[in-house]
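Before any comments, here is the structure.
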Amino acid sequence: MRLVLFVHVLGIAMWIGGGLAGMVLAFSAREETADVRAGTFRMLGRLHAMVIGFGALLTLGSGVILTMTMYSEGLGDLFSEAKLWVMIVTGLLAGLIVLFVGLPTASRLSALSVASDKGTLPPAFEIYRKRMAVVSSVAGVLAVISLLSWYLL
């Protein structure tokens with residue numbers, strides 16, 4: 001149980017920490033040249049795949065195990081508390097958004113960055129960049145709500 005809880009906290013740290021690092025990188029690249037922006041978004045694609053997505057996967061997997069363990073160890077009465085359900089639902093929704101919308105969008109954005117040549121970015125780059133910003137923001141807010149729900153509700 002302690003190992004699963006450790007993996008859960010590690011996943012949360014990777015996910016939210018990676019998201020904050022990605023946000024700083026994306027904001028910093030706004031005023032740079034197209035070549036620098038392309039390189040930055042290639043790195044953001046790797047950050048999403050190796051840190052954010054992996055952290056979300058660890059968090060979701062360990063969260064499912066923790067939930068099943070709580071129920072089987074006689075802690076089923078905790079399921080009557082709204083704060084636990086807020087944590088479960090918002091965390092699950094945020095994780096699914098990261099894995100099924102955020103990762104493919106980051107991958108496509110990274111591929112578009114590689115496809116750029118001679119200082120220009122394809123028109124689709126801005127579309128995917130904006131989508132990535134919205135998806136990351138929504139998933140990040142849901143993840144923070146999930147993280148804080150146990151303490152604030």
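- Between the side chain of S149 and the backbone N or O of S146, at least one donor-acceptor pair lies under 3.5 Å.
- L60 and I88 are members of different hydrophobic clusters when ILVMFWY side chains are connected at heavy-atom separations under 4.5 Å.
- Here the closest heavy-atom approach between residue G53 and residue L103 is recorded as CA-CD1, 4.0 Å.
- Legend: side-chain hydrogen bond (donor to acceptor under 3.5 Å, both in side chains) pairs involving residues 8-32, not counting sequence neighbours, sorted by first then second residue: H8-S62.
- Between H48 and M132 there is a side-chain heavy-atom pair separated by less than 4.5 Å.
- Atom OG1 of T59 and atom CD1 of I16 lie 8.0 Å apart (nearest 0.5 Å).
- Tested against F41 for a side-chain contact (heavy atoms from CB on, under 4.5 Å), the candidates V36, L25, L109, L47 yield a single pass: L109.
- When every heavy atom of L58 is checked against every heavy atom of G11, the shortest pair comes out as CB-CA, 4.0 Å.
- From L84, atom CG reaches atom OG1 of T67 across 6.5 Å, with rounding to the nearest 0.5 Å.
- To the nearest 0.5 Å, the span separating CG on D35 from OG on S113 amounts to 10.5 Å.
- T120 OG1 to F125 CZ: the interatomic distance, rounded to the nearest 0.5 Å, is 11.5 Å.
- The shortest distance between side-chain heavy atoms of T69 and V4 does not fall below 4.5 Å.
- Atom CG in L147 sits 9.5 Å away from atom CG in L152 (nearest 0.5 Å).
- Closest approach of A94 to A139, counting heavy atoms only: CB-O, 3.5 Å.
- In this structure the side chain of L121 never reaches within 4.5 angstrom of the side chain of L112, judged on heavy atoms.
- L5 and V7 fall into different hydrophobic clusters, defined by Ile, Leu, Val, Met, Phe, Trp and Tyr side-chain heavy atoms under 4.5 Å apart, directly or through other members.
- Note on V135 and I52: separate hydrophobic clusters, where clusters join Ile, Leu, Val, Met, Phe, Trp and Tyr whose side-chain heavy atoms are under 4.5 Å apart, directly or indirectly.
- Contact of the L66 side chain with the M1 side chain is registered, since non-hydrogen atoms from C-beta on lie closer than 4.5 Å.
- Linking ILVMFWY residues whenever their side-chain heavy atoms come closer than 4.5 Å, directly or via other members, leaves I12 and F6 in distinct clusters.
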R129 and R37: CA distance, side-chain angles, deciding distance, side chain to side chain contact (heavy atoms under 4.5 Å, CB included) verdict: CA-CA 11 Å; R129 187 194 62 76; R37 289 178 67 211; 3.7 Å; yes
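- Follow the hydrophobic side-chain contacts under 4.5 Å out from V98 and you reach M50 in the same cluster.
- Residues forming a ring-ring contact (aromatic ring centres under 6.0 Å, His included) with Y128 (at least two apart in sequence, or on another chain): none.
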